[in-house]
S.K.: 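Take a look at the following structure, please.
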Number of protein chains: 2
Amino acid sequence: MTLFLSTFINKLDKKGRVSVPASFRLALSGQTFQGIVAFRSYKLPTIEGMGMDRMQRLSDSVDQLDLFSDAQDDLTATIFADSQMLAFDGDGRVILSQHLLDHAHIKEMVVFVGRGTTFQIWNPEAFERHQQEARKRVQEKQATLKLRADNA
Amino acid sequence: MTLFLSTFINKLDKKGRVSVPASFRLALSGQTFQGIVAFRSYKLPTIEGMGMDRMQRLSDSVDQLDLFSDAQDDLTATIFADSQMLAFDGDGRVILSQHLLDHAHIKEMVVFVGRGTTFQIWNPEAFERHQQEARKRVQEKQATLKLRADNA
DNA sequence: AAAATACCCATGATATACCATTATTATAAC
DNA sequence: GTTATAATAATGGTATATCATGGGTATTTT
């Protein structure tokens, strides 16, 4: 099992620790770095999470040895500089930095959302809202699609 | 684990020493030269840093340019001539030369910024400004960046 | 000799490792 | 189908190790 699936809600303790869902840990079990890599989404109030291997591949694809090109500059600045390596403790927990928590407006409860090869970490209410809006957009799209189909 | 990730802010002591972040040292632990290679960025007020192995690769790629071409000449002058090997002391610190410090306007605090296969060393305020601008540009260019990220 | 550098050790802060307890889920027995 | 039991996962707290930092002393360099 190498995919991140489902959503899980866990509690943030007063030290900022939170258990990474067991199934996510299983998906990461083959990796050398036992933990997750996390950075602030540059588009939504959520934290992007993945394994180190994916980060490595991201780096490889960006690494053309033209380390001075403008094109890659902003991307590397934003992603690599902002990302953090969060190691599991013996019980599969990580510590989310204040930096990350602030961005996602997380206070006590944390939602892990599987997205296949990556996952996201949300504030529960914010995630719920985001989901509903996404659903609404899909429905609207379906409506327009149907109209088009009828017209065709 | 060979990537430089996150940003760390450390202090320059009165002897000019500064701790290289532990995770950066870990990323360099496999190398024969225990230290960093640093040179002045030619387009930004920052110091470019990397391990000796990456410097070697850079050299190899420059070798493939025509031996006496302008491009090779420029790279050799701006990178190899300007770069310095800074060895770790017993506690993982290096001494940044005045030459480098002046270029980056560093006085007391030093920011280490991971960029995947390399890193940069900044003045804190200058970095903050640069980072925010980069983030803004990334948000504007979202679509392109997303494609890249997905392909990785 | 003076200055710069390398080496060594001490300390406080913080993160990591470890262990105990609770909760939840799955399994088995009745 | 319900209850009992076991297994796994999540949570909470404490001890330990690591790291950044500061200072001292020796060693090299000029």
S.K.: Please report, rounded to the nearest Å, how far the P atom of dA4(C) is from the NZ atom of Lys14(B).
M.R.: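 About 16 Å, once rounded to whole Å.
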S.K.: Any side-chain to backbone donor/acceptor pair from Gln131(B) onto Ala77(A)? Under 3.5 Å, distance only.
M.R.: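 Side chain of Gln131(B) to backbone of Ala77(A): a pair is present.
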S.K.: When the distance from CE of Met85(A) to P of dC19(D) is rounded to whole Å, what number comes out?
M.R.: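 The answer, rounded to whole Å, is 12 Å.
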S.K.: Return yes if some donor-acceptor pair links the side-chain N/O of Ser19(A) with the main-chain N/O of Pro21(A) below 3.5 Å, else return no.
M.R.: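 Answer holds: no.
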S.K.: Look at Lys11(A) and dG12(D) and indicate whether a side-chain polar atom (N or O) is within less than 4.0 Å of OP1 or OP2.
M.R.: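 Yes, Lys11(A) has a side-chain N/O under 4.0 Å of OP1/OP2 on dG12(D).
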S.K.: Using a 4.5 Å cut-off on heavy atoms from C-beta on, say whether the side chain of Met52(B) contacts that of Met85(B).
M.R.: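 They are in side-chain contact.
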S.K.: Consider only side-chain heavy atoms of I, L, V, M, F, W and Y, link residues closer than 4.5 Å, and tell whether Val18(B) and Phe8(B) are in one cluster.
M.R.: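 As far as the 4.5 Å side-chain criterion goes, Phe8(B) and Val18(B) are connected within one cluster.
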S.K.: Tell me: CG of Asp13(A) to P of dT14(D), nearest whole Å?
M.R.: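 Computing the Asp13(A):CG to dT14(D):P distance gives 13 Å.
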S.K.: State whether Arg25(B) places a side-chain N or O below 4.0 Å from either non-bridging phosphate oxygen (OP1 or OP2) of dT18(D).
M.R.: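 For Arg25(B), the contact criterion (side-chain N or O under 4.0 Å from OP1 or OP2 of dT18(D)) is not met.
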S.K.: Specify the separation, in whole Å, of atom CD of Glu108(B) and atom P of dT21(D).
M.R.: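 After rounding, the gap between these two atoms is 11 Å.
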S.K.: dA3(C) P sits how many Å from Gln98(B) CD, rounded?
M.R.: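 Distance, rounded to whole Å: 17 Å.
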S.K.: Test your reading of the model: is there a side-chain donor-acceptor pair from Thr46(B) to the backbone of Ile121(B), 3.5 Å cut-off?
M.R.: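 Answer holds: yes.
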S.K.: If you measure from the Lys or Arg side-chain nitrogens to the Asp or Glu carboxylate oxygens, is any gap between Lys15(B) and Asp13(B) under 4.0 Å?
M.R.: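 Salt bridge between Lys15(B) and Asp13(B), a charged N being under 4.0 Å from a carboxylate O: no.
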S.K.: Look for any protein N or O under 3.5 Å of an N or O in nucleotides 6-14 of chain C and output each such pair with its distance, or none.
M.R.:
residue, atom, partner, partner atom, Å
dC7(C), N4, Arg17(B), NH1, 3.4
dC8(C), N4, Asp91(B), OD2, 3.4
dC9(C), N4, Asp91(B), OD2, 2.7

S.K.: Rounded to whole Å, please give me the gap between CD in Gln34(A) and C1' in dA15(C).
M.R.: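 Those two atoms, CD and C1', are 18 Å apart.
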S.K.: Given axes from five pairs at either end, by how many degrees does the helix from dA1(C)-dT30(D) to dC30(C)-dG1(D) bend, rounded to 10°?
M.R.: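 If I round to tens, the end axes sit 40° apart.
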S.K.: Rounded to whole Å, how long is the line connecting atom CG of Asn10(B) with atom P of dG22(D)?
M.R.: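 Atom CG in Asn10(B) sits about 10 Å away from atom P in dG22(D).
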S.K.: So what does Val110(B) touch, heavy atoms closer than 4.0 Å: a base, only the sugar-phosphate, or nothing?
M.R.: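 Touches nothing.
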S.K.: Just grab all the ring-ring contact (aromatic ring centres under 6.0 Å, His included) pairs involving residues 96-120 of chain A, residues at least two apart or on different chains.
M.R.: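 Checked against ring-ring contact (aromatic ring centres under 6.0 Å, His included) - neighbours excluded - the pairs reaching residues 96-120 of chain A are Phe4(A)-Phe119(A), Phe24(A)-Phe119(A).
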S.K.: Among Val37(A), Asp60(A), Ile36(A), find the one that has a side chain to side chain contact (heavy atoms under 4.5 Å, CB included) with Met55(A).
M.R.: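 Only match with Met55(A) under side chain to side chain contact (heavy atoms under 4.5 Å, CB included): Val37(A).
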S.K.: How long is the straight-line distance from CZ of Arg17(A) back to CG of Leu12(A), given to the nearest 0.5 Å?
M.R.: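 Separation between the atoms: 10.0 Å.
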